[in-house]
S.K.: 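Dumping the structure here so I can ask a few things about it.
Note that these values count all heavy atoms, side chains included, but never hydrogens, waters or copies made by symmetry. Indexing begins at 1, ligand by ligand and atom by atom, following the structure's order. The first residue in the sequence is number 1, and the count goes up from there.
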Amino acid sequence: MAIRPISDAAAEKAAASIHQPRDPNTLSNYNAWKTKHTTANFEIDFEAKKLKGSVELTLKKLADHEPKIVLDTSFLNISSVHVDGHKAEFSVNGSRIEPYGSPLTIRVDDAATKHEVKVKIHVETTKDCTALQWLTPAQTSNKKHPYMFSQCQAIHARSLFPCQDTPDVKSTYTFNLRSALPVLASGLSTGSRDFEPGTKGKSGTLLYTFHQEIPMPSYLFAVSSGDLAAASVGPRSTVWTGPEELTACQWEFEDDVETFIQAAEKIVYPYAWTTYNVLVLPPSFPYGGMENPVYTFATPTLISGDRQNVDVIAHELAHSWSGNLVSNASWEHFWLNEGWTVYLERRIQASVLGGDQHRDFSAIIGWKALSDSIAQFGEDHEFTKMIPNLKGQDPDDAFSSVPYEKGFVFLYHLEKLVGLDKWDKFIPHYFNEYKKRSVDSYEFKATLLSFFEPDAEASKQLATVDWDKWFYTPGFPPRPDFDTTLADECYDLANKWEALNGGAKEFKPSAADIKSFSANQSVVFLERVQSFSHPLSPDLVDLMGSTYAYSSSHNVELVSRFYVVGLQAGAKSVYQPTAELLGTVGRMKFVRPLYKELLKRDAELARRTLEKNRDFYHPICRGMVEKMFERQAGK
Ligand code: BES
Ligand code: ZN
């Protein structure tokens, strides 16, 4: 492997180039050269657990006198680089610049006069790749075939292939992926071809190809391969998953997907990516959903048999506009992706379910998530700002509900300020103005103010906005006046339990208490119980679990919150079930609070549970849990 260590002076220079104008989380010199098209040619090698092949980048020159192209890489094996067909000199930083990886520097002296160059890099991923999870057949549901999937957001694309790993650069993509099993990627399929028989009894492979003609940032590059089958869930939508799970997945989504697309199209403008599909992944998928273009990647915990988790689909679908067409220019402006997406998700839900009550109910759940995040970080913490300073930081560490919910509250505030009718005209304007581009918070502000400039009344209202305060004050924003109708029923019930816990005898819990509740109402109820000043008694935990069937629910949103209630109460009956749940779901939203509480109650069981499931968890989730254990041990 021809990896030549870069000189100290060059390393220093590369480190200095962390300070890019808009994105502090890339080491690439994307202001001098900009990727226009990316072709990824990879063989998916399940045995070696690697992608191997080459990537071809077409880069446009933006600045004169820049005789080198610097790309992001992380734990890659790079064997050769060609520029316009000629072997080129290159170096990879010997020591990593944490957490950004090892910049790859390519000399382009001869090409310095050209306006465009084609760089071809032969590359393999390594066992340290943070973007991929490889499952052995034994780790899959039918235990027959291996499986692999990627998760690139925020800065993991660089551990798949050298690239300008910043959301400020958008490229069109061609995917040429050879595999023994069906493949999906974040483009439109252009078919499969060129069968190659396997040697020594191994399966043969096909070349699966995809094309993405809408320019997209590197973090939306996605690939998955395994024993996959597809079923229709709408006129322009399919769901993909293992054959055994297919029917349940189809049922879960078929009523809502097209309704959501049409609702979103009414709020913004027509869907741009041709088809909208969902890939339901194995349970170790670390997120609820990931908005990869054409194929949203989703956790199997959405398949609860009650269609109560489709809000995640509304969310990922909404990213088709906010995030995927109009992308945050850096992770510091993440609220433009997630705040807008939560805003659109709630508008979609309100338009489907009818009425602001539902939107405000969902916003109340969001406010609780925001409070929890602020409590976790501390009210003065940098990461509780709408625009945090991420220089030298890992965006994964800053990840929380803050950009989602502070961003939402800000947009909700702006909507109320100018009035819904006027605001609804701004939405398509904004998404049109920045489509296929990246945007930062200052451009958002300028676009908003200039859109309303001809309107004296709206401008007067907008003049009251203290932009710097919203952008840079840590902690809570002002709490909007949400309609609490749907939440009040949940609080009333929680109050009765609190009284019961205090010794009052009038209340006799029965299943009828929650008969009219949606799953989200149970969520609000359980979260209220979690914040009782005196934890429930263990007996009452058991009574609640059986009376409301939370302990046997197939909806992880409910079971996991119920277990947290039980762990807080020291109810031994939930310890073992918690450990078991931690062996079947790897979604961080559930894994994090369950380990946190289990560690407090039974550290030994928590440790055994982690040991047993280490290989089951995704690298990102495993890292997160290990950090939690270290912090706990340090205390
Ligand atoms: N894009 C995010 C997931 C993400 C964020 C992955 C940052 C990696 C880094 C996705 O759209 C998301 O927000 N998913 C949520 C669901 C949603 C309904 C809030 C999740 O995973 O829970
Ligand atoms: Zn999102």
Side-chain angles (χ1 to χ4, degrees), residues 25 99 130-131 133 149-157 159 165 167 186 216-222 256 260 264 278-281 283-293 295-302 308-324 326-328 330-346 348-349 362-363 365-370 372-373 383 388 390 393-408 519-520 523 556-557 560 585-593 618-621 623-624:
N25 302 143
T130 52
Q133 186 172 21
F149 65 89
S150 68
Q151 165 57 45
C152 286
Q153 197 180 14
I155 57 168
H156 301 284
S159 86
D165 198 8
S186 45
M216 65 174 194
S218 55
Y219 78 88
L220 293 177
F221 181 97
D256 293 304
F260 287 168
V278 180
L279 169 66
V280 178
L281 286 119
S284 60
F285 187 64
Y287 293 101
M290 176 64 213
E291 65 271 24
N292 297 316
Y295 297 93
T296 280
F297 283 22
T299 167
T301 60
L302 302 190
Q308 293 278 314
N309 291 307
V310 286
D311 47 351
V312 176
I313 298 302
H315 178 95
E316 305 313 332
L317 168 70
H319 273 303
S320 305
W321 292 267
S322 49
N324 297 4
V326 177
S327 311
N328 52 209
S330 85
W331 303 114
E332 296 181 332
H333 303 275
F334 191 43
W335 77 273
L336 286 169
N337 271 20
E338 297 299 346
W340 261 115
T341 299
V342 170
Y343 178 84
L344 292 176
E345 171 202 336
R346 290 183 181 148
I348 293 168
Q349 286 284 23
S362 171
I365 297 179
W367 187 270
K368 171 74 166 61
L370 174 64
D372 290 350
S373 290
F383 296 164
L390 293 185
Q393 305 280 358
D394 183 341
D396 279 349
D397 292 339
F399 179 76
S400 79
S401 292
V402 171
Y404 290 74
E405 300 300 340
K406 231 177 174 175
F408 166 79
N520 271 336
V523 163
V556 188
E557 297 279 355
S560 67
V585 301
R587 182 177 173 190
M588 293 195 284
K589 175 181 175 184
F590 303 129
V591 170
R592 187 183 285 125
H618 185 277
I620 299 176
C621 178
M624 180 272 293

S.K.: Determine whether the side chains of T299 and R587 contain a donor N or O and an acceptor N or O closer than 3.5 Å.
M.R.: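 Not at all, the side chains of T299 and R587 share no donor-acceptor pair under 3.5 Å.
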S.K.: Sequence neighbours excluded and cut-off under 3.5 Å, please list the side-chain donor-acceptor pairs for residues 397-404, or say none.
M.R.:
unit_1: D397; atom_1: OD1; unit_2: K627; atom_2: NZ; d: 3.3
unit_1: S400; atom_1: OG; unit_2: V402; atom_2: N; d: 3.0

S.K.: Of all N, O or S atoms in E338, which has the smallest distance to the Zn ion (ligand 2)?
M.R.: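 Atom name returned: OE1.
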S.K.: Give yes or no for whether the N/O distance cutoff of 3.5 Å, strictly under, is met between Q151 and ligand 1.
M.R.: no
S.K.: What do the steps show when you test M290 against F285 for side-chain contact (heavy atoms from CB on, under 4.5 Å), and what is the final call?
M.R.: CA-CA 10 Å; M290 176 64 213; F285 187 64; 3.8 Å; yes
S.K.: Is E338 in polar range of ligand 1, meaning some N or O pair under 3.5 Å apart?
M.R.: yes
S.K.: Against heavy atoms of R587, which atoms of ligand 1 measure under 4.0 Å?
M.R.: 22 (O)
S.K.: Select the closest option to atom 16 (C) of ligand 1 among E405, M290, E291, E316, judged by heavy-atom distance.
M.R.: E316
S.K.: Answer side chain, backbone, both or neither: which part of F334 comes under 4.0 Å from ligand 1, heavy atoms only.
M.R.: side chain
S.K.: Can you find a pair of side-chain heavy atoms, one from E405 and one from W367, that are under 4.5 Å apart?
M.R.: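 Side chain of E405 against side chain of W367, heavy atoms only: no contact under 4.5 Å found.
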S.K.: Angle at the Zn ion (ligand 2), NE2 of H315 to NE2 of H319, rounded to 10 degrees, please.
M.R.: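 Value returned, to the nearest 10°, is 100°.
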S.K.: Any N/O of E345 closer than 3.5 Å to an N/O of ligand 1?
M.R.: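 Between E345 and ligand 1, no N or O pair is found under 3.5 Å apart.
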S.K.: Answer side chain, backbone, both or neither: which part of Q153 comes under 4.0 Å from ligand 1, heavy atoms only.
M.R.: both
S.K.: Are any of the N/O atoms on V312, whether in the backbone or the side chain, positioned under 3.5 angstrom from an N/O atom of ligand 1?
M.R.: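 The answer is no, given that V312 and ligand 1 share no N or O pair closer than 3.5 Å.
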S.K.: Say whether H319, considering both its backbone and side-chain N or O atoms, lies within less than 3.5 Å of an N or O atom on ligand 1.
M.R.: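 Looking only at distances, the answer is yes, because the N/O contact criterion of under 3.5 Å is met.
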S.K.: Compare S362, G288, S401, G289 and give the one whose heavy atom is closest to atom 10 (C) of ligand 1.
M.R.: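 Answer by nearest heavy atom: G289.
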S.K.: Between E338 and H315, does a side-chain contact (heavy atoms from CB on, under 4.5 Å) hold up when you go through it step by step?
M.R.: CA-CA 9 Å; E338 297 299 346; H315 178 95; 3.1 Å; yes
S.K.: Taking the ring of F149 and the ring of H618, is the distance between their centroids below 6.0 Å?
M.R.: yes
S.K.: Under the criterion side-chain contact (heavy atoms from CB on, under 4.5 Å), I'd like the reasoning laid out for L220 against N324: C-alpha separation, chi angles, the key distance, then a yes or no.
M.R.: CA-CA 8 Å; L220 293 177; N324 297 4; 3.3 Å; yes
S.K.: With sequence neighbours excluded, what pairs up with E291 under the side-chain hydrogen bond (donor to acceptor under 3.5 Å, both in side chains) test?
M.R.: none
S.K.: Where do V278 and E316 land on the side-chain contact (heavy atoms from CB on, under 4.5 Å) test, with the steps shown first?
M.R.: CA-CA 10 Å; V278 180; E316 305 313 332; over 6 Å; no
S.K.: Can you list the atoms of ligand 1 that are under 4.0 Å from a heavy atom of Y404?
M.R.: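 So the answer, numbered in order with elements, is 2 (C), 5 (C), 12 (C), 13 (O), 19 (C).
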